[in-house]
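Per chain, numbering begins at 1; letters A, B, ... match sequence-line order. Everything numeric in this text was worked out from a predicted model, so none of it was measured.
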Amino acid sequence: MEEKKLIVYNTLSRKKEKFEPLNPPHVGMYVCGPTVYGDPHLGHAKSYVSFDLIYRYLLYLGYKIRYVQNITDVGHLTDDADQGEDKIAKQSTLEQAEPMELVERYMANYYRDMDALNILRASIAPRPSGHIPEQIESIQKLIDKGFAYEANGSVYFDVLVYNSSNNYGKLSGRNVEEMEEGAANRELEKQSDKRNPFDFALWKKANEEHIMQWKSPWSVGYPGWHIECSVMSQKYLGETFDIHGGGIENAFPHHECEIAQAEAETGKPFANYWLHNNMVTINGQKMGKSLGNGVFCDELFTGDNPQLDKAYSPMTVRFFILQSHYRSTLDFSNEALEAAEKGYKRLMGALKTLETLQPARDSSFDINQIRQNCLDAMNDDFNSPIVIANLFEGVKLINSVKDGKAQMSKDDLAALRQTFNDFLFDVLGLKEEKTGQSDKLTNDLMGLVISIRKEARENKDFATSDKIRDELSRLNISVKDSKDGTNWSHDG
RNA sequence: GGUCACGUGGCCGAGCGGUUAGGCACUGGUCUGCAAAACCAGCUACAGCGGUUCGAAUCCGCUCGUGACCUCCA
């Protein structure tokens with residue numbers, strides 16, 4: 001096991017802190033998952049690639065992690081405000097009638113795309129619809145303790161009561177007084193059931209249109225959207241656990257409310273480390289449904305979106321995401337994606353070259369420095385861009401050795417392979433993409449074609465050799481001549 | 001209106017007071033029948049204006065710009 005000197009940025013303290021789990025080597029991590037009411041988009045990709053990086057690095061460090069990620073299948077499925085009621089209403093009644101059909105479909109799509117991005121699945125993926133009794137129980141406890149009140153069949157969390165003994169707003173840096181002013185300025189609609197505008201729902205009485213309903217002591221209704229996360233995280237990770245993650249846009253109110261609920265109920269700290277990833281912009285603009293510039297993962301992989309010049313493979317997308325830090329915004333553009341694609345291919349190409357290198361007596365480069373730099377980068381709040389920069393140092397070295405301009409000892413060759421294996425595959429989670437078929441028949445046929453071209457070249461019949469190369473190029477097969485012979489590769 | 005981030009070379013993106021980030025693109029060179037790939041070399045920025053400091057992209061202030069959030073919206 002590598003020495004653990006991991007530093008993480010904790011939103012709670014707004015500082016980088018040494019990571020010290022409660023019960024090493026065990027680590028409990030909860031990350032807010034998707035609400036499965038639509039297909040996963042680039043924003044999901046960035047978020048879950050980011051936490052996959054974190055998960056993978058913790059695994060790499062030797063921690064035993066229980067990773068919990070919810071799949072929200074409750075409460076928000078009546079209709080979509082941005083889309084307007086018409087569109088939903090005009091869609092088949094079948095689609096609206098059974099929300100669990102939608103859940104199944106979009107959940108399948110979610111896993112399809114996340115799997116393609118080589119994102120490891122969570123240890124447990126709990127769904128709030130399966131944890132209604134636990135949520136009701138938690139709400140009841142909050143009522144009993146005086147932190148919540150019932151009004152017309154709905155139950156609300158009393159933020160002022162909580163704030164008198166706790167600090168509501170400690171995660172997002174807000175305080176109740178400011179929020180009162182802000183609320184006054186914005187003249188929010190009067191929420192008659194609530195004692196205060198910033199109180200939030202624990203249980204909502206369902207109206208007729210609401211299609212998912214459960215019985216509770218207060219009404220037939222559905223749980224509020226914050227309670228699922230505090231209940232399910234604590235059920236599987238304990239009252240206090242190590243890491244809670246999610247998108248920065250959820251820090252307030254969602255995560256703030258989770259903390260309030262959980263700490264009100266248990267009187268103990270909820271999560272010790274709060275990690276938040278930043279968002280995606282498209283051509284410098286926010287990605288949003290209302291702007292009509294959203295890009296679904298699937299569209300990215302197929303190129304089927306007007307904003308895309310072409311398709312980008314899942315690993316290109318993953319590499320692109322990892323080239324920026326998880327806490328930075330990432331600007332999406334075709335130019336940037338294409339740059340990532342080329343860089344990724346160069347990286348993977350060098351890896352293949354590495355397998356063919358012959359050892360020399362000694363090395364003209366310090367391999368261990370690359371490995372150490374990668375470790376240092378990851379230990380500093382998961383700085384994947386720096387890891388990648390260091391792997392490119394390795395690429396340069398590999399190619400130099402191949403060109404006979406540098407040399408590497410047997411041990412160093414093995415060490416470099418190990419470094420690439422550890423960081424490129426295990427930590428960054430990149431993998432070789434199978435492009436096109438390379439079965440035996442194809443290989444044999446290509447061998448034949450290449451040998452014919454070789455003969456032509458030897459006879460200086462360049463018209464024929466170039467024709468072969470050009471025609472192959474039209475099949476997306478590229479031919480590279482070198483002193484050691486000719487290589488070919490097929491780009492799907 | 002409030003709270004909080006951010007603004008880096010043609011593009012994307014690290015950087016947390018003093019040292020070349022890196023990738024892509026571009027230019028020149030090597031190699032090649034020509035390409036491609038690869039290697040070598042070049043391009044060397046930090047929104048603007050002040051301030052602190054021996055020294056600032058990095059700290060402070062102001063201005064401009066962008067973004068997130070501000071409670072039933074995921």
Side-chain angles (χ1 to χ4, degrees), chain A residues 11 14 16 32-35 37-38 43 72 75-76 80-82 154 156-157 159 169 172-175 178-189 191 194 196-201 204 224-226 246-254 256-257 276 278-279 281 284-286 289 319-320 323-325 327-347 349-350 353 373 377 380 383-393 395-396 398-406 457-458 460-462 465-466 469-470 473 478-483 487 489:
Chain A
T11 309
R14 293 173 187 280
K16 286 184 181 176
C32 286
T35 298
Y37 78 126
T72 295
H76 326 299
D80 189 320
D82 284 346
S154 293
Y156 297 96
F157 188 89
V159 169
S172 55
R174 286 155 212 268
N175 63 59
E178 280 170 0
M179 281 164 49
E180 282 179 309
E181 289 169 28
N185 284 341
R186 294 174 82 224
E187 293 182 27
L188 290 169
E189 279 179 52
Q191 310 276 345
K194 290 185 190 177
N196 282 294
F198 37 76
D199 288 351
F200 55 90
K204 283 288 277 183
W225 12 306
H226 310 306
I248 188 68
E249 81 282 6
N250 280 331
F252 190 90
H254 182 56
E256 200 72 70
C257 294
H276 289 103
N278 218 131
M279 318 309 292
T281 56
Q285 213 184 12
K286 162 192 178 183
K289 234 181 277 179
F319 181 77
F320 170 64
Q323 264 191 310
S324 84
H325 187 89
R327 281 193 291 114
S328 300
T329 54
L330 172 62
D331 191 50
F332 165 95
S333 65
N334 281 287
E335 212 178 349
L337 254 298
E338 274 173 49
E341 181 180 75
K342 287 182 184 169
Y344 170 69
K345 281 186 176 168
R346 187 162 155 245
L347 195 53
T353 303
N373 290 346
D380 185 13
N383 200 324
S384 56
I386 294 204
V387 172
I388 290 173
N390 275 283
L391 291 178
F392 273 111
E393 292 301 318
V395 168
K396 203 177 252 188
I398 288 165
N399 288 324
S400 291
V401 172
K402 185 194 170 200
D403 276 15
K405 289 175 179 162
R457 291 181 72 214
E458 279 165 357
K460 305 228 183 287
D461 179 7
F462 298 124
S465 69
D466 287 354
R469 186 171 67 197
D470 293 344
S473 167
S478 55
V479 173
K480 291 172 198 166
D481 299 321
S482 74
K483 282 180 178 147
N487 292 313
S489 60

A.B. asks: Does His325(A) make a side-chain donor-acceptor contact with the base of rA14(B), cut-off 3.5 Å?
C.D. replies: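 Flag unset: no donor-acceptor pair detected.
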A.B. asks: Give a yes/no answer on whether the side chain of Asn399(A) brings an N or O atom under 4.0 Å of OP1 or OP2 in rC39(B).
C.D. replies: yes
A.B. asks: Quick one: is rG13(B) close enough that its OP1 or OP2 comes under 4.0 Å of any side-chain N or O from Ser328(A)?
C.D. replies: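 False: Ser328(A) side-chain N/O out of range (4.0 Å or more) of rG13(B) OP1/OP2.
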A.B. asks: Would you call Asn390(A) and Ile386(A) a side-chain contact if the rule is heavy atoms closer than 4.5 Å?
C.D. replies: yes
A.B. asks: What is the distance, to the nearest angstrom, from the NZ atom on Lys480(A) to the C1' atom on rA38(B)?
C.D. replies: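 Distance, rounded to whole Å: 9 Å.
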A.B. asks: Provide, to the nearest angstrom, the distance between the CG atom belonging to Asn334(A) and the P atom belonging to rA25(B).
C.D. replies: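 In whole Å, rA25(B) P lies 15 Å from Asn334(A) CG.
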A.B. asks: Applying a 4.0 Å non-hydrogen cut-off, can you work out what Ser400(A) is touching in the nucleic acid: base, sugar-phosphate, or nothing?
C.D. replies: sugar-phosphate
A.B. asks: Round to the nearest Å and state the distance from His226(A) atom NE2 to rA74(B) atom P.
C.D. replies: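 It is 11 Å, rounded to the nearest whole Å.
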A.B. asks: Considering only atom P, compute the distance from rG13(B) to rG18(B) and round it to an integer number of Å.
C.D. replies: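 So the two P atoms sit 24 Å from each other.
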A.B. asks: Under a 3.5 Å cutoff, is there a donor and acceptor pairing between the side chains of Ser328(A) and Asn278(A)?
C.D. replies: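 There is no such pair (donor and acceptor under 3.5 Å, judged by atom type) between the side chains of Ser328(A) and Asn278(A).
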A.B. asks: Contact class for Asp466(A) (heavy atom, under 4.0 Å): base, sugar-phosphate, or nothing?
C.D. replies: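 Answer is base: heavy atoms of Asp466(A) come under 4.0 Å of a base.
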A.B. asks: Could you please name the partner base of rA57(B), counting Watson-Crick and G-U wobble pairs only when both distances are under 3.5 Å?
C.D. replies: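 Matched rA57(B) with nothing under the 3.5 Å cut-off.
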A.B. asks: Counting distance alone, no hydrogens or angles: does the base of rC4(B) have a donor or acceptor under 3.5 Å from a partner atom on the side chain of Arg174(A)?
C.D. replies: no
A.B. asks: Could you work out which one of rC39(B), rC34(B), rC70(B) sits closest to the side chain of Lys405(A)?
C.D. replies: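 Closest nucleotide among those given: rC39(B).
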A.B. asks: NA contact type, Leu330(A), heavy-atom cut-off 4.0 Å: base, sugar-phosphate, or nothing?
C.D. replies: sugar-phosphate
A.B. asks: I need the Leu337(A) CG to Phe319(A) CZ distance, nearest 0.5 Å.
C.D. replies: 11.5 Å
A.B. asks: Distance between the C1' atoms of rA38(B) and rC4(B), in whole angstroms?
C.D. replies: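 Rounded to whole Å, the distance is 47 Å.
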A.B. asks: Which base, if any, makes a Watson-Crick or G-U wobble pair with rG17(B), both distances under 3.5 Å?
C.D. replies: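 Looking at the geometry, rG17(B) pairs with no nucleotide.
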A.B. asks: State, yes or no, whether a side-chain contact exists between Met279(A) and Glu249(A) at a heavy-atom distance under 4.5 Å.
C.D. replies: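 A side-chain contact under 4.5 Å exists here.
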A.B. asks: Where each residue is assigned the nucleotide of RNA chain B containing its nearest heavy atom, which of Val479(A) and Val395(A) is assigned the position nearer the 5′ end?
C.D. replies: Val479(A)
A.B. asks: Distance between the C1' atoms of rU27(B) and rU44(B), in whole angstroms?
C.D. replies: 15 Å
A.B. asks: Return the value, rounded to whole Å, for the distance between atom CG of Asp470(A) and atom P of rC34(B).
C.D. replies: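 Going from CG in Asp470(A) over to P in rC34(B) covers 16 Å.
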A.B. asks: If I take atom CD in residue Glu249(A) and atom P in nucleotide rG67(B), what distance separates them, rounded to the nearest angstrom?
C.D. replies: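 That distance rounds to 16 Å.
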A.B. asks: For residues Glu393(A) and Asn373(A), determine if any side-chain heavy atom of one lies less than 4.5 Å from a side-chain heavy atom of the other.
C.D. replies: no
A.B. asks: Taking atom P in both rG17(B) and rC60(B), compute the distance separating them and give it to the nearest angstrom.
C.D. replies: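 Their P atoms lie roughly 11 Å apart.
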A.B. asks: Just to be sure I understand the rule, does Lys402(A) reach a base, reach only the sugar-phosphate, or reach nothing, if contact means heavy atoms closer than 4.0 Å?
C.D. replies: nothing
A.B. asks: In whole Å, measure the gap between the C1' atoms of rA45(B) and rA21(B) for me.
C.D. replies: 13 Å
A.B. asks: Hey, does Asp331(A) reach any base, or is it just sugar-phosphate, or nothing, if we go heavy atoms under 4.0 Å?
C.D. replies: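 The residue Asp331(A) makes sugar-phosphate contact but no base contact.
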A.B. asks: Which heavy atom of Pro385(A) sits nearest a heavy atom of Ser324(A), and at what distance?
C.D. replies: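 Distance-wise, the nearest heavy atoms are CG-C, 3.5 Å.
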A.B. asks: Quantified in whole Å, what is the P atom distance between nucleotide rU30(B) and nucleotide rG67(B)?
C.D. replies: 48 Å
A.B. asks: With both distances under 3.5 Å as the test, what is the Watson-Crick or G-U wobble partner of rC39(B)?
C.D. replies: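 Matched rC39(B) with rG29(B) under the 3.5 Å cut-off.
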A.B. asks: Please give the distance between the P atoms of rG29(B) and rG15(B) as a whole number of Å.
C.D. replies: 37 Å
A.B. asks: Taking CZ from Phe252(A) and C1' from rG2(B), how many angstroms apart are they, rounded to a whole number?
C.D. replies: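 It is 12 Å, rounded to the nearest whole Å.
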A.B. asks: How do Phe332(A) and Arg469(A) order along RNA chain B: which one's closest nucleotide is nearer the 5' end?
C.D. replies: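 Its nearest nucleotide lies further toward 5', so the answer is Phe332(A).
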A.B. asks: Please measure how far the P atom in rG22(B) lies from the corresponding atom in rC62(B), and state the result in whole Å.
C.D. replies: 36 Å
A.B. asks: How long is the line joining CZ of Arg327(A) and C1' of rG15(B), in whole Å?
C.D. replies: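 For the pair Arg327(A) CZ and rG15(B) C1', the rounded distance is 12 Å.
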A.B. asks: May I ask which nucleotide in the shown strands pairs with rU66(B), Watson-Crick or G-U wobble, both distances under 3.5 Å?
C.D. replies: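 Answer to the pairing question: rA5(B), which forms a Watson-Crick or G-U pair with rU66(B).
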A.B. asks: Write down the distance between CD1 (Ile398(A)) and P (rA38(B)), rounded to a whole number of angstrom.
C.D. replies: 13 Å
A.B. asks: Is any side-chain heavy atom of Asn196(A) less than 4.5 Å from a side-chain heavy atom of Val159(A)?
C.D. replies: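 Answer no - side chains too far apart.
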A.B. asks: How does protein contact run along nucleotides 19-24 of chain B, one letter per nucleotide 5' to 3', with B for base contact, S for sugar-phosphate only, - for none, heavy atoms under 4.0 Å?
C.D. replies: --BSBS
A.B. asks: Taking the six-membered ring for Trp, are Phe200(A) and His226(A) parallel (under 30°), tilted (30 to 60°) or perpendicular (over 60°)?
C.D. replies: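 The arrangement is perpendicular - the two ring planes meet at more than 60°.
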A.B. asks: Within the 4.0 Å heavy-atom criterion, would you say Asn250(A) contacts the bases, only the backbone, or no part of the nucleic acid?
C.D. replies: base
